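These notes concern the structure reproduced below.
None of these values were measured; they are calculated from a predicted model.
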Amino acid sequence: MVPPGTGGGTPGVPCRCSTAPIRCVGAPATDPTRRDRYDVRTMSDTTPDPRPQPSEGPPRDRLGRRPRDLRISVTDRCNFRCTYCMPAEVFGRDYAFLPRSQILTYEEIVRLAAIFVRLGVEKLRITGGEPTVRRDLPDLVRPLAAIEGVRDLTLTTNGSTLRRLAAPLAGAGLRRITVSLDSLDDALFRAMSGADMPVARVLDGIAAAREAGLAPVKINMVVKRGSNEASIVPMARWARDAGFILRFIEYMDVGTANGWRMDDVVPRAEIVALVDAAFPLEALPPNYPGEVATRFRYRDGAGEIGVIASVTAPFCGACTRARLSAEGELFTCLFAARGTDLRAPLRAGADDAELEARIRAVWGARDDRYSDLRSAGTANLPRVEMFAIGG
Ligand code: SAM
């Protein structure tokens, strides 16, 4: 039986608005590796926001949402080639990643992060690409942890470098960590991650994170139809036994390089039913309003799981996330095609008040709700790649 709270929608038919008025002001991207810029905002963007924006305190976007969560991508590079994110056939040896000069320095990131915190952001997540391939990451963590008002500082990583880095990261002030892992099966792990290493190395990295005192350790598992459904229950068993919080992620149509198809999505209801059949579950209330994962606890008290169902149960209405790309662009939606450049004013000498005004203006104009509008009409629109702006 499917536990309460898993939604009763028809799997594979998430769309409630197939006639969404989507406007594209550029030609469709034919080469997903091109860094094209298209406008995929809704038609309502043409209407000025009637509400006055405060010049102090948290800004509100057009749907009344405040910024609370900043995801900071520190690099567009990754040592994995996950098939659903950076497929090796697209992101091969010749792919032109950002040159160092175009990537924000740690000083620039910290300055922008502090402005976001003044605007109400409480949670910072360091991500990428693979954030731990950037040199001296603890040197970024230290000043971010010291920003007054940061209540939560975390990192999303593929875990491959944690044996070396977990302790220095914890020592620098990192509090918790999320490790991405899609299967415990070595062959399947290698196939899905494109990583030239055994899954044992990631498992050892996870152990190192725990030894370093990073807590809780969360595990992100992307579930893709025909790839790793058979790993759902083994992953649940492993995480339960070890005391990690496992979060299943529905395979999303981020970017345009992964060839996403609705048929490849394993809906939340199916994932939960599989785990429930092995280890009975009951729904939990959210930890806080707007939490992206729907939570369930094991009835025998052996911990909890979460499901991030951005496809079958979109949560745009509660989205309080902003994203800073490695090159300093501000994105207000994971599914956007373009961001707003903060690096240029930063490097041109803008003071904090000018940067804050720019961020306020972008947030105030925001009305993104891509996942709510996902439909045949949005399918071919260009979208930034996830590794560029961070998961
Ligand atoms: N390299 C780091 C990692 O592996 O966690 C951080 C960046 S990665 C883009 C962040 C998260 O996004 C990972 O958990 C990854 O599995 C997830 N992800 C990437 N592409 C996805 C997709 N198409 N659908 C769902 N999740 C995706």
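- Electrostatic pairing of D152 and R176 counts as a salt bridge here, judged by a charged N lying under 4.0 Å from a carboxylate O.
- Of the possible polar contacts, one joining the R343 side chain to the Q102 backbone as a donor-acceptor pair under 3.5 Å is found.
- D276 contributes no side-chain N or O that, together with a main-chain N or O of P280, makes up a donor-acceptor pair within less than 3.5 Å.
- Between A191 and T83, the shortest heavy-atom distance links the atoms O-CG2, 3.6 Å.
- Put simply, the side chain of R247 does not reach to within 4.5 Å of the side chain of R295, judged on heavy atoms.
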**Report entry** Worked check of side-chain contact (heavy atoms from CB on, under 4.5 Å) between V133 and T75
**Finding:** CA-CA 8 Å; V133 302; T75 179; 4.0 Å; yes

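- Between M252 and L334 there is a side-chain heavy-atom pair separated by less than 4.5 Å.
- Contact annotation: the side chain of L324 approaches that of L112 to within less than 4.5 Å [non-hydrogen atoms, C-beta and beyond].
- You'll find the side chain of Y298 stays beyond 4.5 Å of the side chain of E282, heavy atoms only.
- A donor and an acceptor atom, one from each side chain of T340 and R358, are nowhere located under 3.5 Å apart.
- Between I206 and L181, the closest side-chain pair of non-hydrogen atoms falls below 4.5 Å.
- Contact check for M221 versus N228: side-chain heavy atoms found under the 4.5 Å cut-off.
- When atom types are taken as modelled, the side chain of W260 and the backbone of Y251 share a donor-acceptor pair closer than 3.5 angstrom.
- Taking 4.0 Å as the cut-off between side-chain N and carboxylate O, D372 and R374 do not count as a salt-bridged pair.
- A distance-only check finds no donor-acceptor pair linking the side chain of R210 to the backbone of G205 [under 3.5 Å].
- Using modelled atom types, one side-chain atom of E385 and one backbone atom of T256 make a donor-acceptor pair closer than 3.5 Å.
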F296 vs V272, test: side-chain contact (heavy atoms from CB on, under 4.5 Å). Steps then yes/no.
CA-CA 9 Å; F296 302 86; V272 173; 3.7 Å; yes

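- Residues A236 and V275 share a closest heavy-atom pair of CB-CG1, 4.1 Å.
- Between F91 and F97, the ring centre distance reaches or exceeds 6.0 Å.
- Using modelled atom types, no side-chain atom of S231 and backbone atom of M235 make a donor-acceptor pair closer than 3.5 Å.
- Taking CG of L144 as the start and CG of L153 as the end, the distance is 6.0 Å to the nearest 0.5 Å.
- A donor-acceptor pair under 3.5 Å links the side-chain atoms of E291 to the main chain of N287, judged by distance alone.
- Residues forming a ring-ring contact (aromatic ring centres under 6.0 Å, His included) with F244 (at least two apart in sequence, or on another chain): W238.
- The CG atom of L373 lies 11.5 Å from the CZ atom of F335; values are rounded to the nearest 0.5 Å.
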| Intermediate values then yes/no, side-chain contact (heavy atoms from CB on, under 4.5 Å), D368 and F331 | CA-CA 10 Å; D368 313 278; F331 285 83; over 6 Å; no

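- Side chain of D136 to main chain of D139: no donor-acceptor pair is present (N/O by atom type, distance under 3.5 Å, no hydrogens or angles).
- Using modelled atom types and a 3.5 Å distance limit, the side chains of N79 and E130 yield no donor-acceptor pair.
- Here the CG-CG distance, from L162 to L203, works out to 11.5 Å after rounding to the nearest 0.5 Å.
- For T312 and E250, the side-chain atoms include at least one donor-acceptor pair closer than 3.5 Å.
- Separation of atoms CD1 (I103) and CZ (R134) is listed at 6.0 Å; rounding is to 0.5 Å.
- Using a 4.0 Å cut-off between a side-chain N of Lys or Arg and a carboxylate O of Asp or Glu, R360 and E356 qualify as a salt bridge.
- In plain terms, the two heavy atoms of A209 and I177 that are nearest each other are CB-CG2, 4.0 Å.
- With sequence neighbours excluded, the residues forming a side-chain contact (heavy atoms from CB on, under 4.5 Å) with R163 are D204, A207, A208, E211, listed by chain and number.
- Residue pairs satisfying the side chain to side chain donor-acceptor pair (under 3.5 Å) criterion with at least one member in residues 188-198, sequence neighbours excluded, are listed as follows: D186-R190.
- F387 CZ to R77 CZ: the interatomic distance, rounded to the nearest 0.5 Å, is 11.0 Å.
- The cationic group of R240 lies under 6.0 Å from the six-membered ring centre of F279 and within 45° of the ring axis, placing it in a cation-pi geometry.
- In terms of heavy atoms, A172 sits closest to A145 at O-CB, 4.0 Å.
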Would I245 and I305 count as a side-chain contact (heavy atoms from CB on, under 4.5 Å) here? Give the steps.
CA-CA 6 Å; I245 298 175; I305 62 164; over 6 Å; no

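- L284 and V307 are members of different hydrophobic clusters when ILVMFWY side chains are connected at heavy-atom separations under 4.5 Å.
- If you chain together hydrophobic residues whose side chains sit under 4.5 Å apart, L355 and L330 fall into the same group.
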Discussion item. Under the criterion side-chain hydrogen bond (donor to acceptor under 3.5 Å, both in side chains), I'd like the reasoning laid out for D182 against Y84: C-alpha separation, chi angles, the key distance, then a yes or no.
Written reply: CA-CA 11 Å; D182 300 328; Y84 50 76; 2.5 Å; yes

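- Remark: the backbone N or O of T332 is paired with a side-chain donor or acceptor of R366 at under 3.5 angstrom.
- Side chains of S160 and N158: a donor on one and an acceptor on the other come within 3.5 Å.
- From T132, atom OG1 reaches atom CG of L155 across 7.0 Å, with rounding to the nearest 0.5 Å.
- Within the 4.5 Å cutoff, the side chain of L70 has no heavy atoms near those of the R323 side chain.
- Residues D263 and V265 form no side-chain contact, since every pair of their non-hydrogen atoms from C-beta on lies 4.5 Å or further apart.
- Under the rule for a side-chain contact (heavy atoms from CB on, under 4.5 Å), the partners of R66 that lie at least two apart in sequence or sit in another chain are P58, R60, R68.
- Residue pairs meeting the salt bridge (charged side-chain N to carboxylate O under 4.0 Å, His left out) criterion with at least one partner in residues 98-114, sequence neighbours excluded, are E108-R347, R111-D352.
- Formation of a donor-acceptor pair under 3.5 Å by the R81 side chain with backbone atoms of G194 is not found in this model.
- In plain terms, the two heavy atoms of A388 and S325 that are nearest each other are O-CB, 3.5 Å.
- In this structure, F116 and A322 approach most closely via the heavy-atom pair CE2-CB, 4.1 Å.
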Run the side-chain donor-acceptor check on residues 119-126: report pairs under 3.5 Å with partners two or more places apart or on a different chain.
from	atom 1	to	atom 2	distance (Å)
R125	NH1	T156	OG1	2.8
R125	NH1	T178	OG1	3.4

